[in-house]
Amino acid sequence: MLEMITNINGTINSFVWGPVMLALLVGTGVYLTVRTGCIQVKWFGYIMKNTVGSLFNKEKNKEAGKNLTPFQAVTTALAGTVGTGNIAGVTGAIFVGGPGAVFWMWVSAFFGMCTKYAEIALAMKYRITENGVHKGGPMYYIEKGLGKNWKPLAVIFALLGALASFGIGNIAQSSEIAGAMNGLFGLSPLVTGIILAIIIALVLIGGVKRIGKVTSLIVPFMAMFYIAAGIIVIIMRINLVPAALINIVTSAFSFEAVGGGIFGYAIMTAMKQGFARGVFSNEAGLGSAPIAHAASSTEDPAEQAIWGVFEVFIDTIVICTITAMAVLLSGIELGPDALTAYASKGAAAVYAFNSILPGTLGGIVIQVSLLFFALSTILSWSYYGERCFGYLTNNNKVVIGAYKVIFILFCIVGATGSGTLMWDIADTLNGMMAIPNLIALLLLSGVVVDITKDYFKDKK
């Protein structure tokens with residue numbers, strides 16, 4: 001029975017993360033980029049100035065009552081986006097697809113900026129407010145934007161999101177935390193699981209406001225810590241950087257596969273790995289991040305949506321690129337066969353960092369980063385799951401309360417078990433979330449265009 005489930009999931013997963021779906025995900029980004037006038041280029045300076053450049057603007061980030069400040073909303077979304085995929089996923093993509101995978105990862109991120117912008121804009125426009133609390137996401141803009149006849153599609157998205165929260169948002173992350181805590185402090189998985197469950201429970205008791213406050217502290221720290229370590233790694237091998245960048249570009253169009261192969265195979269492999277890791281890391285098109293952004297106190301849809309451009313930029317162009325450069329500058333042997341020499345993709349990343357940084361400092365950097373990346377992801381996905389169950393049950397307090405209890409207990413399950421099958425199933429569910437979301441994005445693209453024109457018409 002278990003083998004049958006594994007085989008069925010494998011078949012579905014190969015489609016969900018296969019060429020057709022990846023082409024649809026990136027293609028939607030291309031379409032939205034054209035329709036919105038390529039805002040990620042035309043308005044990039046304005047967007048950076050009014051997102052990361054406004055962090056110290058007290059007026060923009062004043063207390064938001066029952067909702068999140070714009071910055072808390074983006075850190076909650078980033079917490080769910082920046083995760084183990086930024087380290088282990090990127091490392092695996094380079095081993096399998098070669099240096100060229102990094103180029104295609106950048107391409108997916110470029111168009112993903114506009115996809116994420118569109119998702120957030122729609123989530124803001126069609127969100128609802130109950131007792132002063134903003135709630136939104138793909139399930140709401142599918143039902144309200146496309147009409148009641150499309151509600152089954154909204155229900156499918158919410159159901160997939162609710163189920164994925166236990167796997168990709170909990171078990172997979174808890175397992176990573178257990179590994180990091182064992183490596184750093186020698187703690188047993190059970191002890192780590194119990195401590196983690198207590199921490200998550202204390203945060204969830206405070207609701208979305210407490211989640212936002214915690215992520216607004218964790219996310220900047222974890223991002224700056226990893227970026228700083230990455231910059232040091234790059235500086236230590238600065239003489240090799242030009243060659244690495246040239247290798248990334250030339251390998252993206254190379255007809256010679258990693259380790260040899262048939263005509264054109266290298267390009268297809270690099271594209272698939274790059275697109276898959278890019279989409280998986282920044283989640284543009286999957287529909288999860290808009291759920292967090294919809295809780296923002298911001299009134300204008302586009303004003304919050306431009307944070308989506310920044311979000312994809314920092315996640316993929318900055319953090320994923322740092323991982324990629326560390327792997328390439330380390331000089332370790334690449335190829336699918338070479339990857340089997342390591343216990344995991346994360347272990348390969350540790351080896352890459354350790355080969356550049358003195359002693360075992362590289363391993364400490366990776367383990368600390370994975371610890372905080374995974375912890376923040378659990379917090380964000382707890383909210384995503386809550387909102388999905390809330391939509392499905394008309395915000396039934398008993399169901400939501402039961403969900404929180406089960407979610408907390410799953411932290412122990414994830415920490416103490418391998419959870420490989422559950423992780424694979426959740427990976428499939430996460431990818432399947434994109435299907436109803438992309439349908440809505442394409443059909444509501446005209447609304448996104450109107451929101452964009454209205455917002456940027458008087459901007460310079």
Side-chain angles (χ1 to χ4, degrees), residues 39 43 46-82 116-141 144-145 203-220 223 283 287-314 376 379-388 390-391 395 400 447-448 450-452 454-456 458-459:
I39 60 166
W43 295 103
Y46 174 88
I47 290 171
M48 291 299 114
K49 179 183 177 182
N50 288 274
T51 52
V52 66
S54 68
L55 294 182
F56 300 103
N57 187 322
K58 293 183 179 180
E59 182 61 30
K60 281 193 173 185
N61 288 287
K62 63 183 179 181
E63 189 58 39
K66 296 180 180 180
N67 299 296
L68 303 178
T69 67
F71 181 62
Q72 288 173 342
V74 77
T75 54
T76 301
L78 265 174
T81 301
V82 178
K116 185 69 73 79
Y117 165 85
E119 291 177 300
I120 298 169
L122 292 174
M124 292 290 292
K125 180 174 177 60
Y126 293 109
R127 68 184 179 182
I128 64 172
T129 304
E130 294 179 341
N131 299 318
V133 178
H134 298 317
K135 300 172 183 177
M139 52 279 199
Y140 290 98
Y141 59 70
K144 294 183 65 181
V203 177
L204 294 193
I205 289 172
V208 67
K209 284 292 292 181
R210 188 170 296 175
I211 292 174
K213 288 180 178 179
V214 173
T215 58
S216 67
L217 295 174
I218 292 179
V219 170
E283 297 187 7
S288 51
I291 299 174
H293 284 279
S296 169
S297 60
T298 306
E299 294 299 325
D300 190 294
E303 187 174 329
Q304 185 65 32
I306 60 176
W307 278 99
V309 177
F310 164 77
E311 191 177 306
V312 175
F313 179 80
I314 194 70
S376 63
L379 291 174
S380 287
W381 271 93
S382 70
Y383 179 66
Y384 297 161
E386 179 185 337
R387 285 275 44 83
C388 286
Y391 177 83
N395 294 309
I400 292 176
V447 177
V448 176
D450 291 340
I451 291 172
T452 305
D454 186 58
Y455 180 73
F456 286 108
D458 57 349
K459 302 293 187 298

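Just so we're clear, the structure is a prediction, and the values are computed from it rather than from any experiment.
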Item to check | Distance, nearest 0.5 Å, that separates CD1 of I306 from OG1 of T298 | outcome: 9.5 Å

Checklist entry - Does the side chain of V448 reach to within under 4.5 Å of the side chain of Y117, using non-hydrogen atoms? => result yes

Item to check | Any donor-acceptor N/O pair, E119 side chain to G287 backbone, under 3.5 Å | outcome: yes

Item to check | Taking every non-hydrogen atom, the tightest pair across I291 and G137 | outcome: CG1-CA, 4.0 Å

Checklist outcome for this item: For K125, the salt bridge (Lys or Arg N to Asp or Glu O under 4.0 Å) test, sequence neighbours excluded, returns none

Checklist entry - From N50 CG over to Y46 OH, what is the distance, rounded to the nearest 0.5 angstrom? => result 4.0 Å

Checklist entry - At what distance, to the nearest 0.5 angstrom, does CD of Q304 lie from CD of E299? => result 11.0 Å

Checklist entry - Can you tell me if S380 uses its side chain to pair, donor with acceptor, with the backbone of T76 under 3.5 Å? => result yes

Item to check | Partner residues of D300 under the side chain to side chain contact (heavy atoms under 4.5 Å, CB included) criterion, sequence neighbours left out | outcome: A302, E303, Y455

Next on the checklist: Can you list everything that forms a salt bridge (Lys or Arg N to Asp or Glu O under 4.0 Å) with E311? Sequence neighbours excluded, please.
Outcome noted: K116

Next on the checklist: For H134 versus S297, what's the shortest heavy-atom pair and its separation?
Outcome noted: CD2-CA, 4.4 Å

Checklist outcome for this item: In this structure, OG of S376 is separated from CG of L78 (nearest 0.5 Å) by 9.0 Å

Checklist outcome for this item: Across all chains, not counting sequence neighbours, the side chain to side chain contact (heavy atoms under 4.5 Å, CB included) partners of S382 are L204, I211, F407

Next on the checklist: The test is side chain to side chain contact (heavy atoms under 4.5 Å, CB included); show your working for V309 and T51 and say whether it passes.
Outcome noted: CA-CA 9 Å; V309 177; T51 52; over 6 Å; no

Checklist entry - If you take all heavy atoms of A294 and A123, which pair is closest and at what distance? => result CB-O, 4.1 Å

Checklist entry - Sequence neighbours excluded, which residues qualify as side chain to side chain contact (heavy atoms under 4.5 Å, CB included) partners of S288? => result E283, W381, Y384, M433

Item to check | Partners passing side chain to side chain contact (heavy atoms under 4.5 Å, CB included) against L217 (at least two apart in sequence or in another chain) | outcome: none

Item to check | Any donor-acceptor N/O pair, R127 side chain to S296 backbone, under 3.5 Å | outcome: yes

Checklist entry - Could you give the distance from CE (M48) to CD1 (I314), rounded to the nearest 0.5 Å? => result 8.5 Å

Checklist entry - Going by heavy atoms in the side chains, are Y391 and P138 under 4.5 Å from each other? => result no

Next on the checklist: Check the orientation of F456 and W43. Use parallel for under 30°, tilted for 30 to 60°, and perpendicular for over 60°.
Outcome noted: parallel

Item to check | Over all atoms of both residues, closest heavy-atom pair of P301 and I451 | outcome: CB-CG2, 4.1 Å

Next on the checklist: If you compare all heavy atoms of Y383 against all heavy atoms of A295, which two are closest, and at what distance to 0.1 Å?
Outcome noted: OH-CB, 3.7 Å

